[in-house]
> 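Below you will find the structure I want to go over with you.
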There are 2 protein chains.
Amino acid sequence: MADHYELPHFGGKLMSAQVSALLMKEIKQGIFANSEKLPSEVELAERLGVSRTVIRDALSDIEREGFIERVRGIGTVICRDIVNLTNRFDLKLEYNELIENSGYRPHSDSIRLRLEYADEKTAELLCVDEGSRLIVCEKRVLAGQTPCIYSIDYLPYELFGKVDYTDLDWSQPVFDLLDKYCGLIITTSISKVSATNADEFIRSKLNVQPKQALILLDEVGYCKLSRPVMRSLEFYTDFFDFTMLRKKF
Amino acid sequence: MADHYELPHFGGKLMSAQVSALLMKEIKQGIFANSEKLPSEVELAERLGVSRTVIRDALSDIEREGFIERVRGIGTVICRDIVNLTNRFDLKLEYNELIENSGYRPHSDSIRLRLEYADEKTAELLCVDEGSRLIVCEKRVLAGQTPCIYSIDYLPYELFGKVDYTDLDWSQPVFDLLDKYCGLIITTSISKVSATNADEFIRSKLNVQPKQALILLDEVGYCKLSRPVMRSLEFYTDFFDFTMLRKKF
DNA sequence: AAGTGGTCTAGACCACTTC
DNA sequence: AAGTGGTCTAGACCACTTG
């Protein structure tokens, strides 16, 4: 192990976040890439010149995502199998990120944009009145040349205020449009996973073989303060590994 | 809100865990059941007679599972939509728990027990030699009278030491057998989710309709210290809601 | 200005594992 | 006995939201 760590200075702000980013980098491809354990909390605190609390906060963040495990009397163990996972479905909310992480260029086509009136279920999920206007955006998403997702997004019309939604470029990720034009950032989603063979239209768009089933995600995306802003139905082919971590705390 | 909280004494141990359990109880069905927010950290600390650190540790645990959100300058907001979810697939590792939470009695039948020799992939996942012996247990799982899961478990033969695996009651949850006879508790699993139509044998066991697809979970269960102990293939019908939380931290 | 959560310090003791 | 992570205290200051 190296004798000294470099800790960038940002005016003393967010120190534990910097520490956890630094440690993750070293775990993935740095000086701890071949280690089974991290140095002790006291040692890390001394080397980085911060208090043990800062180290513990940083380690807690890393532990929450499953990359390390802390054992009393033993130390901080690196969970190499989990560090090595490339795409964690439970940590990424946006399929474009998943596609990019897999080494492909994400883009979309076959866009169909329309207004609909909220049915009972969607209205309840999005906390809007039944019958209120929804922007509906259907599209096909491709990784490079391979179609891999068909998605249908439902957004309350009122979110966009004075912006004319028909002027926007809906081939962009909806997350980006929400951010840019509504100032809304989706941080959480409740996802219901099921399996389906889907209808002929969607199957043909995705070029799936006769025997191949699809994963259907019925999601509601939330911003800060538990505010629901979007419902999505997403049909996934088997192009991706849908890997997730399940953990008892 | 009440003027006083009761905090049980257990010799001063694990105080933050007690606090988080207490708070979760009050959020779900107690004095915060109709609240949008929790009292401030300082107030909670005073009322419970502990330091603010203890409160913050407790709140961190609750936040990690998605039930609250902490916002600077505002307070600790309760995510009611998430509290109200009955079955969280990302927090439970064991289908028997999910079945019980849904209000059904879990049991299994059609048990087929055998020895196999590890293929390359399973050997790698379980960190055993290719060709080494595996106990394989196939069974059908029912919720009450309804078949809902077909599962195939692969366990290294060596785990059971001198215990003759054919003497055990494999209709019990495998988690319980591992605990009782091997002293192993599975705390984490890496799950690969896919959709499948499965073969005729499994479809007939699960009584699925011709058009119905199944969810397939390919899981590796880990004990403490990242030790892999079991691989499972589990075929799920649509009997359950497979709800999970996806979150950016 | 007041109140909230977020961060950080310095120090203490406990529980567990290993030697 | 020594070293590890887990818990807890008391106090301080910062960043953000609200009035």
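Small disclaimer: the values here were computed from a predicted structure and weren't measured. Chain letters run A, B, ... following the sequence lines, proteins first and then strands; every chain starts at 1. Note that these values count all heavy atoms, side chains included, but never hydrogens, waters or copies made by symmetry.
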> Please produce a list of atom pairs where a protein N or O lies less than 3.5 Å from an N or O of nucleotides 9-11 of chain C.
residue : atom : partner : partner atom : Å
dT9(C)  : OP2  : S51(A)  : N            : 2.6
dT9(C)  : OP2  : S51(A)  : OG           : 2.4

> Output yes when a side-chain donor or acceptor of E69(B) lies under 3.5 Å from a complementary backbone atom of L225(A), and no otherwise.
yes
> Starting from C1' on dG5(D), measure out to CD1 on I62(A) and report it in whole angstrom.
15 Å
> Any N/O pairs under 3.5 Å between the protein and nucleotides 17-19 of chain D? List them or say none.
none

> Starting at atom CD1 of I55(A), determine the distance to atom P of dT4(D), rounded to an integer number of angstrom.
14 Å
> Using salt bridge (Lys or Arg N to Asp or Glu O under 4.0 Å) as the criterion, list what pairs up with K248(B), not counting sequence neighbours.
E97(A)
> Give DNA chain C the dot-bracket treatment, 5' to 3': Watson-Crick (N1-N3 with N6-O4 or O6-N4) or G-U (N1-O2, O6-N3) under 3.5 Å, [ ] crossing, | other strand.
||||||||||||||||||.
> Would you call R133(B)-E158(B) a salt bridge at under 4.0 Å N-O?
yes
> Is the shortest distance from a Lys or Arg side-chain nitrogen in D241(B) or K192(A) to a carboxylate oxygen in the other one below 4.0 Å?
yes
> What is the distance from CG of L59(B) to P of dT7(C), rounded to the nearest Å?
13 Å
> In this structure, how many angstroms lie between the P atom of dT4(C) and the CD1 atom of I68(B), rounded?
16 Å
> Take atom CZ of R56(B) and atom P of dT7(D), then tell me their distance rounded to the nearest Å.
15 Å
> Considering residues at least two apart in sequence or located in another chain, which fulfil the ring-ring contact (aromatic ring centres under 6.0 Å, His included) criterion with F242(A)?
F89(A), Y236(A)
> Could you state the CD-P distance from E69(A) to dT4(D), rounded to the nearest angstrom?
18 Å
> Are T76(B) and dT4(C) close enough that a side-chain N or O sits under 4.0 Å from OP1 or OP2?
no
> So, K121(A) and D119(A), do they make that salt bridge, N to O below 4.0 Å?
no
> So does R70(B) pair up with E41(B), basic N to acidic O under 4.0 Å?
yes
> Do R231(B) and D218(B) meet the salt-bridge criterion of a basic N to acidic O distance under 4.0 Å?
yes
> Which residue pairs pass the side chain to side chain donor-acceptor pair (under 3.5 Å) test with at least one member in residues 74-83 of chain A, sequence neighbours excluded?
D81(A)-Y222(B)
> Between F67(A) and R88(A), is there a cation-pi geometry (under 6.0 Å to ring centre, at most 45° from the normal)?
yes
> Can you measure D57(A) atom CG to dC8(C) atom C1' for me and round it to whole angstrom units?
9 Å
> Nearest whole Å is fine: how far is dA15(D) C1' from E41(B) CD?
14 Å
> Name the closest nucleotide to the S40(B) side chain, picking from dT4(C), dC8(C), dG6(D).
dT4(C)
> Answer yes or no: is there a donor N or O on one side and an acceptor on the other, between the side chain of S20(B) and the main chain of D61(B), under 3.5 Å?
no
